Amino acid sequence: MGTVVDAASFELASGNDANGSLPTEKKVKVVFVLGGPGSGKGTQCANIVEHFGYTHLSAGDLLRAEIKSGSENGTMIQNMITEGKIVPSEVTIKLLQRAMQESENDKFLIDGFPRNEENRAAFERVTKIVPEFVLFFDCADEEMERRLLNRNQGRVDDNIETIRKRFKVFVESSLPVIEYYGSHGKVRKIDAGRSVEEVFEAVKIIFSSVTVVA
Ligand SMILES: Nc1ncnc2c1ncn2[C@@H]1O[C@H](COP(=O)(O)OP(=O)(O)OP(=O)(O)O)[C@@H](O)[C@H]1O
Ligand SMILES: O=c1ccn([C@@H]2O[C@H](COP(=O)(O)O)[C@@H](O)[C@H]2O)c(=O)[nH]1
Ligand SMILES: [Mg+2]
């Protein structure tokens, strides 16, 4: 597995177990993958996994799995997704923490999270994880809308009404998170309006510059 250089490792603390014993710890490296709905986050994460050995954690996929699992939060999550709203941080962070703890990998692409300032602050406070960097897929609304309306995966939020709401939430709540990380020199911005292959060429340059083969 590749070793990421020039990046600190961070400790992931789990919640106490049933006996209240000390939390277990796992050192992990995290890259946040952000961008508007339909900008191609999931598509490019699949390529990054294949070439650079990360584990892909899509916050949206984890929430959709939680609905399917019959969780007590399922109805609330379903309603939030249908409305394009942001699920409370504690729910999403628990799912992300669990996925990282259960994985044998130590480097993760967290796709579609944090979506607002509260998500960001809560994640850093609870997990003590600071991302190595933020990959930002920048894409025009018209292109994202076209992609989402053609996606055909049966998602309840891939309809024009919810898509418009998601765009508004992205601009009002998620862009400030990207600006926050930008002000800390952590954002790697990519023109995501190009073909899948062209976008991945740009992605590869970024990951190649932080990763060395072991
Ligand atoms: N560069 C691209 N050019 C054209 N189509 C693309 C490109 N990247 C992804 N797509 C297609 O656009 C749709 C949305 O892509 P994807 O699911 O990766 O986006 P996303 O950013 O994860 O969206 P969401 O935030 O809604 O989960 C998919 O059908 C995908 O095949
Ligand atoms: O951190 C998150 C991630 C997602 N959501 C909700 O899920 C949908 C779909 O997310 P995708 O990333 O497009 O798969 C999103 O619109 C939110 O409603 C969330 O609340 N928090
Ligand atoms: Mg996605």
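Everything numeric here is computed off the predicted structure, so don't read it as measured data.
Note: Ser89 OG to Asn116 CG = 5.5 Å, rounded to the nearest 0.5 Å. A distance of 8.5 Å separates CG in Asp106 from OG1 in Thr55, rounded to the nearest 0.5 Å. Asp157 contributes atom CG, which lies 8.0 Å from atom CD1 of Ile163 (distance to the nearest 0.5 angstrom). Atom CZ of Phe32 and atom CD of Glu132 lie 11.0 Å apart (nearest 0.5 Å). The CZ atom of Phe207 sits 4.0 Å away from atom CZ of Phe133, with the distance rounded to the nearest 0.5 Å. Going from atom CG of Leu109 over to atom OH of Tyr54 covers 7.0 Å, rounded to the nearest 0.5 Å.
Here the side chain of Lys41 pairs a donor or acceptor atom with the backbone of Gly35 at under 3.5 angstrom. Judged by distance alone, with hydrogens and angles left aside, the side-chain atoms of Ser103 form no donor-acceptor pair with the main-chain N or O of Met100 at under 3.5 Å. Glu198 contributes a side-chain N or O that, together with a main-chain N or O of Ser195, makes up a donor-acceptor pair within less than 3.5 Å. Distance alone, capped at 3.5 Å, places no donor-acceptor pair between the Thr162 side chain and the Gly84 backbone. Listed for the Arg147 side chain is a donor-acceptor partner under 3.5 Å among the backbone atoms of Ser39. Lys107 places a side-chain N or O within 3.5 Å of a backbone atom of Phe52 that can act as its donor or acceptor partner. With Ser183 contributing its side chain and Tyr180 its backbone, the two residues share a donor-acceptor pair below 3.5 Å.
Within the 4.5 Å cutoff, the side chain of Val196 has heavy atoms near those of the Gln44 side chain. Side-chain atoms of Asp61 and Asp111, non-hydrogen and from C-beta on, never get closer than 4.5 Å to each other. For the pair Val31 and Val210, the minimum side-chain heavy-atom distance is 4.5 Å or more.
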Using the rule given for side-chain contact (heavy atoms from CB on, under 4.5 Å), can you reason through His56 versus Ile48, listing the C-alpha separation, both sets of side-chain angles and the distance that settles it, and then say yes or no? CA-CA 9 Å; His56 176 206; Ile48 299 165; over 6 Å; no
Under the side-chain contact (heavy atoms from CB on, under 4.5 Å) rule, what do Val91 and Leu63 come out as? Steps first, then yes or no, please. CA-CA 9 Å; Val91 173; Leu63 290 168; 4.2 Å; yes
Check step by step if salt bridge (Lys or Arg N to Asp or Glu O under 4.0 Å) holds for Glu142 and Arg146. CA-CA 6 Å; Glu142 299 72 32; Arg146 206 171 14 249; over 6 Å; no
Could you please spell out the steps behind the side-chain contact (heavy atoms from CB on, under 4.5 Å) verdict for Arg164 and Glu145? CA-CA 8 Å; Arg164 297 260 158 89; Glu145 186 179 303; 3.1 Å; yes
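Residue pairs meeting the side chain to side chain donor-acceptor pair (under 3.5 Å) criterion with at least one member in residues 70-79, sequence neighbours excluded, are Glu66-Ser71.
A search for side-chain contact (heavy atoms from CB on, under 4.5 Å) contacts involving Glu201 returns Lys204, not counting sequence neighbours. In this structure Asp138 satisfies the side chain to side chain donor-acceptor pair (under 3.5 Å) test with no other residue, sequence neighbours excluded.
Using a 4.0 Å cut-off between a side-chain N of Lys or Arg and a carboxylate O of Asp or Glu, Arg166 and Asp158 qualify as a salt bridge.
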